[in-house]
2 protein chains.
Amino acid sequence: MKLAAGVEWALHCCVVLSRATAPVPGARLAELHDVSRSYLAKTLQSLSRAGLVSTTEGRDGGYLLVRPASEISVLDVVRAVDGTEPAFRCTEIRQQGPFPTTGEACLSPCGIAKVMHEAEQAWQTSLRQVSVADLAATFEATSGSAALRQLSGWLAG
Amino acid sequence: MKLAAGVEWALHCCVVLSRATAPVPGARLAELHDVSRSYLAKTLQSLSRAGLVSTTEGRDGGYLLVRPASEISVLDVVRAVDGTEPAFRCTEIRQQGPFPTTGEACLSPCGIAKVMHEAEQAWQTSLRQVSVADLAATFEATSGSAALRQLSGWLAG
DNA sequence: GTTTACTTACTCGGATAATTACTGTCCGAGTCAGGACGG
DNA sequence: CCGTCCTGACTCGGACAGTAATTATCCGAGTAAGTAAAC
């Protein structure tokens, strides 16, 4: 099981954007995290399609959070970037082979799929309980409030 | 996020093996699930390396569970096949760019990594609570106890 | 002074390669069961 | 009748291609601000 690398970037970008007032260009975000601007754009597009960030084109354009950071959960970001496909996909292999299960038993999802699905729900529930605002608050606590303020100034300049 | 396809096969194989008394050849397991024997062997090797199944070579050889099915959790199987690498790998991109976080703040894992790690723990906890024996019991309940008995006979013959 | 049109530079977006991991396949080394032979 | 040896075939294990997805990159379409000119 592997999560897309862009998830980490997207989360960091959202934290930065939570402190931004004016649109932040993708190039600036890329420079800040030292990643390729072109590839980061792909990730930001995912956030845009999911309705998490708004894009402003033209000069002085860039990205901005649509909702308040407190109303954006980590799960929202993860699902936007990594997709909503479940990690476990039951192929119902029981229906193959010399002893296929009867149709009736296959109508209800097989026990394995059920267990895997419940685990994924637990994972999502855990991510849903944390918002981008919470992350930003954690950063302020560990890095000091001056850091984000300094960063905001750099974004503006 | 995507789980390896072999996880599903491995779980089904473990359920079957939980009802087996004699070693079951990989070819038989492959035929039962209608998958490639060679590729299924790759998955079974993972289970063997993890110490979940024992292998018997030579004639009448095959695979057998080492521990009782009630002492093998779904998480054991998933970790054996899919690996123990965490889905989220923090690359500490904060240390890059024009505003790297101070060394002190980086010693402790960053808030994002912490959240993702906790979610993964929740996922694992959910999978740990279900054993292979539980899965087998579910199958007996849905498919009827006759199904697994019939299957055992086929495995022996 | 105000309005208007233009130029300019900067933005995002989608289409396009390179790499990595996963999926699938093959053949060889090792081993146990069964049978034949000799005692 | 029993023990030993041999044969044989079947088993798993690791090494080898094919394919799909992720990662990374490029260039073009579109837009808003700034500027200069006309009214």
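We name chains A, B, ... by the order of the sequence lines, and we start the count at 1 in each one. Because only heavy atoms are used, hydrogens play no part in the values below, and waters and symmetry mates are left out as well, while side chains stay in.
- Side-chain atoms of B:Thr125 come within 3.5 Å of backbone atoms of B:Gln121 as a donor-acceptor pair (strictly under, hydrogens ignored).
- Nearest approach of A:Glu120 to A:Ala87, heavy atoms of both residues: OE2-N, 2.8 Å.
- Each of A:Gln45 and B:Lys2 has a nearest nucleotide on DNA chain C; the 5'-most of these lies closest to A:Gln45.
- Residue B:Gly26 is in sugar-phosphate contact alone, with no base atom involved, counting any heavy-atom pair closer than 4.0 Å across all strands shown.
- Considering only side-chain atoms of B:Ser36, the nucleotide from C:dT25, C:dG13, D:dA24 that sits closest is C:dT25.
- As judged by a 4.0 angstrom heavy-atom cut-off over every strand, B:Lys42 is placed among the base-contacting residues.
- Residue B:Arg49 is classed as a sugar-phosphate contact, given heavy-atom separations below 4.0 Å to backbone atoms only.
- Place A:Asp60 and A:Ala4 on DNA chain D by their nearest nucleotides, and A:Ala4 ends up nearer the 5' end.
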query = Where do A:Glu118 and B:Gln129 land on the side chain to side chain contact (heavy atoms under 4.5 Å, CB included) test, with the steps shown first?
reply = CA-CA 11 Å; A:Glu118 285 176 357; B:Gln129 290 169 353; over 6 Å; no
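- As rounded to whole Å, 14 Å separates atom C1' of D:dT11 from atom CG of B:Leu64.
- Here the side chain of B:Ser126 pairs no donor or acceptor atom with the backbone of B:Ala122 at under 3.5 angstrom.
- The shortest distance between the side-chain N/O atoms of B:Tyr39 and the OP1/OP2 oxygens of D:dA17 is not below 4.0 Å.
- Applying the 4.0 Å criterion to OP1 and OP2 of D:dC12, one finds that B:Ser48 has every side-chain N and O outside that range.
- Residue B:Glu8 contributes atom CD, which lies 17 Å from atom P of C:dC22 at whole-angstrom precision.
- Taking every side-chain heavy atom of A:Pro25 into account, C:dT11 is the closest of D:dA24, C:dT11, C:dG13.
- In this pair, A:His12 and A:Phe139 present their aromatic rings parallel. The plane angle is below 30°, not in the 30 to 60° band.
- Comparing C:dG24, D:dT25, D:dG13 by their nearest atom to the side chain of B:Glu57 picks out D:dG13.
- Nucleic acid contact class of B:Gly62 (heavy atoms, under 4.0 Å, all strands): sugar-phosphate only.
- Counting non-hydrogen atoms under 4.0 angstrom, B:Ser38 reaches a base of the nucleic acid.
- Rounded to a whole Å, the CZ atom of B:Arg59 is 14 Å from the P atom of D:dC12.
- Nearest nucleotide to the B:Arg37 side chain, out of D:dA32, D:dC12, C:dT25: D:dC12.
- When rounded to the nearest whole Å, the span between CG of A:Leu3 and P of C:dA21 equals 15 Å.
- DNA chain D is contacted by both A:Leu40 and A:Thr56; A:Leu40 maps to the nucleotide lying nearer its 5′ end (nearest heavy atom per residue).
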